[in-house]
Amino acid sequence: MLYDEQDILRSMDKIEIGRFKQKLITQFADLNTKIISPKNCQSVEMYFNSEKMEKTIGRLAEKTPEVGETVSGLLVKKAFTYQIMALDDIHVFSQLSATNISQRITIAYTGAFGVLKHRMKQIFESVESLPDEESEG
């Protein structure tokens with residue numbers, strides 16, 4: 001059942017998720033529910049009602065944020081409580097663990113590097129340029 005004001009649908013198949021989204025919109029038209037299906041690698045901002053309380057713990061709790069200041073961390077729900085913590089504190093305050101995943105794709109490209117970098121920045125939120133491995137040797 002959907003009772004939240006915002007629901008996010010994630011799937012690899014755009015056609016199936018589109019059908020499911022339309023069915024949910026039709027079925028819950030009388031509720032004030034926003035259903036979105038973002039593309040891969042697209043950031044999503046969600047705004048919570050003030051009725052829900054989150055407890056900031058660990059390193060994030062060491063400094064009181066100013067009014068309007070953004071707090072960046074992980075939102076962890078356990079039972080009916082919400083906690084916001086820094087990524088480095090996740091193993092201290094929960095049974096969860098975090099890991100980094102690196103992926104490298106090699107694609108032959110003969111165009112100008114500047115054009116490629118510009119296009120990649122249009123698609124992805126964060127793009128870094130690394131030195132060529134051949135020039136490092």
Side-chain angles (χ1 to χ4, degrees):
M1 280 293 217
L2 300 175
Y3 293 109
D4 293 329
E5 290 182 9
Q6 299 176 4
D7 290 293
I8 301 171
L9 306 176
R10 296 293 302 159
S11 175
M12 297 303 287
D13 186 5
K14 290 166 65 172
I15 295 170
E16 287 300 318
I17 202 69
R19 288 180 188 153
F20 184 56
K21 179 180 176 180
Q22 284 305 117
K23 184 175 181 180
L24 290 175
I25 289 171
T26 304
Q27 186 173 355
F28 297 101
D30 56 333
L31 298 177
N32 187 19
T33 300
K34 180 179 180 182
I35 302 171
I36 60 171
S37 53
K39 295 178 183 175
N40 287 337
C41 301
Q42 180 181 348
S43 296
V44 177
E45 284 190 26
M46 295 174 37
Y47 299 96
F48 295 96
N49 290 335
S50 60
E51 298 169 7
K52 295 181 182 176
M53 297 294 291
E54 299 86 20
K55 181 179 178 183
T56 306
I57 58 176
R59 293 182 191 168
L60 292 180
E62 292 174 356
K63 178 186 167 231
T64 304
E66 299 294 325
V67 175
E69 182 180 350
T70 302
V71 176
S72 181
L74 297 170
L75 178 65
V76 178
K77 178 182 177 186
K78 183 177 180 182
F80 294 101
T81 62
Y82 294 88
Q83 298 175 327
I84 301 175
M85 63 186 76
L87 178 61
D88 296 338
D89 291 336
I90 195 166
H91 68 283
V92 176
F93 296 103
S94 73
Q95 294 179 345
L96 301 173
S97 62
T99 186
N100 290 324
I101 298 175
S102 297
Q103 180 177 347
R104 183 176 183 159
I105 301 172
T106 305
I107 300 171
Y109 179 74
T110 58
F113 180 73
V115 173
L116 176 63
K117 187 174 180 180
H118 175 73
R119 296 291 184 206
M120 295 296 283
K121 284 183 178 182
Q122 289 178 327
I123 298 171
F124 299 105
E125 188 173 302
S126 176
V127 175
E128 292 180 26
S129 299
L130 299 175
D132 187 15
E133 287 183 357
E134 295 174 5
S135 65
E136 290 181 4

Kindly indicate whether the side chain of [X], heavy atoms from C-beta on, has any atom under 4.5 Å from the side chain of [Y].
X	Y	result
V76	M85	yes
R119	Q122	yes
L74	F93	no

[X] [atom1] to [Y] [atom2] distance, which is reported to the nearest 0.5 Å:
X	Y	atom1	atom2	result
Q27	Q22	CD	CD	13.0 Å
I123	H118	CD1	NE2	10.5 Å
E69	T64	CD	OG1	9.5 Å

May I ask whether [X] and [Y] are part of the same hydrophobic cluster, defined by side-chain heavy atoms of I, L, V, M, F, W, Y residues being less than 4.5 angstrom apart, directly or through others?
X	Y	answer
I84	L87	no
I25	F20	yes
F124	F113	no

Taking all non-hydrogen atoms of both residues into account, name the closest pair between [X] and [Y] and its distance.
X	Y	result
R59	D88	NH1-OD2, 2.9 Å
L60	A86	CD1-N, 3.6 Å
D89	I57	OD2-O, 4.3 Å

Set of salt bridge (charged side-chain N to carboxylate O under 4.0 Å, His left out) partners for R19, sequence neighbours left out: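 By the salt bridge (charged side-chain N to carboxylate O under 4.0 Å, His left out) rule, R19 matches E16.
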